[in-house]
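Notes follow once the structure below has been shown.
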Amino acid sequence: MKRFAKKTALLLVLVIALTALFSVYASAEAADSVKNVTGKIGGYIDDIKDQFRFINDWLKGLLGDFAGYLILVVAVLLLVECFVSYRLLKVNTFIFGAYLGFACGLLGYTHLTAVMNVPGEYIKWIIAGLLALILGFLFTAINRVGVVILTVAYTFITVTDWTDNLITQIVVTAVVLVLSVIFFRYIFIGASSIFCAYKGLTMLFSLATTSLSPISDIIAKIEPTQYLPGAPAKYVTLGIALVIAFFGILVQCKLLRRKKY
């Protein structure tokens, strides 16, 4: 009964939000203002993505010759997570929150140095570390709500890249929001299983082109796209990932029936 009440409340908020957004769309001038805002948000998202790339490059440089082994470990963990992502929901939200917080901290330091003198670059790592802990624990605390917010935000940003029509952007985002609220478990399990399978396989097969020996030699021998030269590698990888994700979804749905899961 409590779950039904929460879902009803969220849907009511959605209706209110949609009504407000459609009223904004009634004015062309206001719609242009919304587009400007979304454009700025997209710019900040690109800046954060740049920080993600900086963190990855920094880790690779820090690990040196062992960077390839880190990719191997992460790839294996992602493939394992296809079967346990929902059970590790809080762990995942903490890791993502911490990663996002660290990137935002680095970006914040960049903006801070643009307006004032900051004594020592070590301040950058302190700011990034503190923000990583704050967002990590915050995302863990709000748990499912945080996942829904991130899903909706990602959907809206993605749709804005496809079309400039505000009505389409709102409708698609609203549909994703409703589905995320009502079918949270199944949406999360499906999306996370497919993402982890595809990302894990992509990272694993990428080692076939590196100099990580003898692991790269072994992976190069089992890498399936070399035996299918007529098909683009990404589609072959996606097909294999979907098969793995299918079994991952089946396993998690079966575990979902157990108590306290």
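- Each of Leu131 and Ile95 belongs to its own hydrophobic cluster when Ile, Leu, Val, Met, Phe, Trp and Tyr are linked at side-chain heavy-atom distances under 4.5 angstrom.
- Partners of Ile127 according to the side chain to side chain contact (heavy atoms under 4.5 Å, CB included) rule, which considers only residues two or more places apart in sequence or in another chain, are Tyr109, Leu112, Ile123.
- Expressed to the nearest 0.5 Å, how far CZ of Phe102 lies from CG of Leu107 amounts to 13.0 Å.
- Residues Val147 and Phe184 are in side-chain contact: their nearest non-hydrogen atoms beyond the backbone lie under 4.5 Å apart.
- Atom OH of Tyr186 is surrounded by 12 or fewer heavy atoms from other residues, nucleotides or ligands within 6.0 Å.
- When hydrophobic clusters are built by joining Ile, Leu, Val, Met, Phe, Trp and Tyr residues whose side-chain heavy atoms come closer than 4.5 Å, directly or via intermediates, Val176 is not grouped with Phe188.
- Cluster annotation: Met203 and Leu79 are assigned to the same hydrophobic cluster (Ile/Leu/Val/Met/Phe/Trp/Tyr, side-chain heavy-atom contacts under 4.5 Å, transitive).
- Under the side chain to side chain donor-acceptor pair (under 3.5 Å) criterion, Ser192 pairs with Ser85, not counting sequence neighbours.
- Listed here is the closest heavy atom pair of Thr202 and Tyr198: OG1-O, 2.7 Å.
- Cluster partners of Leu133 are Phe94, Phe137, counting Ile, Leu, Val, Met, Phe, Trp and Tyr whose side-chain heavy atoms approach within less than 4.5 Å, directly or via other members.
- Applying the side chain to side chain donor-acceptor pair (under 3.5 Å) rule to Thr173 yields no partners; only residues at least two apart in sequence or on another chain are considered.
- The line from CG of Leu78 to CD1 of Ile244 is 11.5 Å long, rounded to the nearest 0.5 Å.
- One finds the CG atom of Leu177 at 9.0 Å from the CD1 atom of Ile182 (value rounded to the nearest 0.5 Å).
- With contacts defined as side-chain heavy-atom distances shorter than 4.5 Å, the pair Val74/Lys199 does not qualify.
- In terms of hydrophobic clustering, with Ile, Leu, Val, Met, Phe, Trp and Tyr side chains grouped at heavy-atom distances under 4.5 Å, Val148 and Phe195 are assigned to different clusters.
- Judged as a side-chain hydrogen bond (donor to acceptor under 3.5 Å, both in side chains), the pairs with a partner in residues 72-83 (not counting sequence neighbours) are, in order, Glu81-Asn92.
- Residues Val243 and Phe83 fall within the same hydrophobic cluster, defined by Ile, Leu, Val, Met, Phe, Trp and Tyr side chains chained together at heavy-atom separations under 4.5 Å.
- Side-chain contact between Trp125 and Leu106 is present, with at least one heavy-atom pair separated by less than 4.5 Å.
- Considering OG1 of Thr93 and CG of Leu135, their distance stands at 12.0 Å, rounded to 0.5 Å.
- Separation of atoms CG (Leu242) and OG1 (Thr237) is listed at 11.0 Å; rounding is to 0.5 Å.
- Gln252 places a side-chain N or O within 3.5 Å of a backbone atom of Cys82 that can act as its donor or acceptor partner.
- Tyr99 pairs by the side chain to side chain donor-acceptor pair (under 3.5 Å) definition with Asn56, not counting sequence neighbours.
- Of the possible polar contacts, none joining the Ser193 side chain to the Gly190 backbone as a donor-acceptor pair under 3.5 Å is found.
- Smallest separation of non-hydrogen atoms from Ile187 and Leu179: CG1-O, 3.7 Å.
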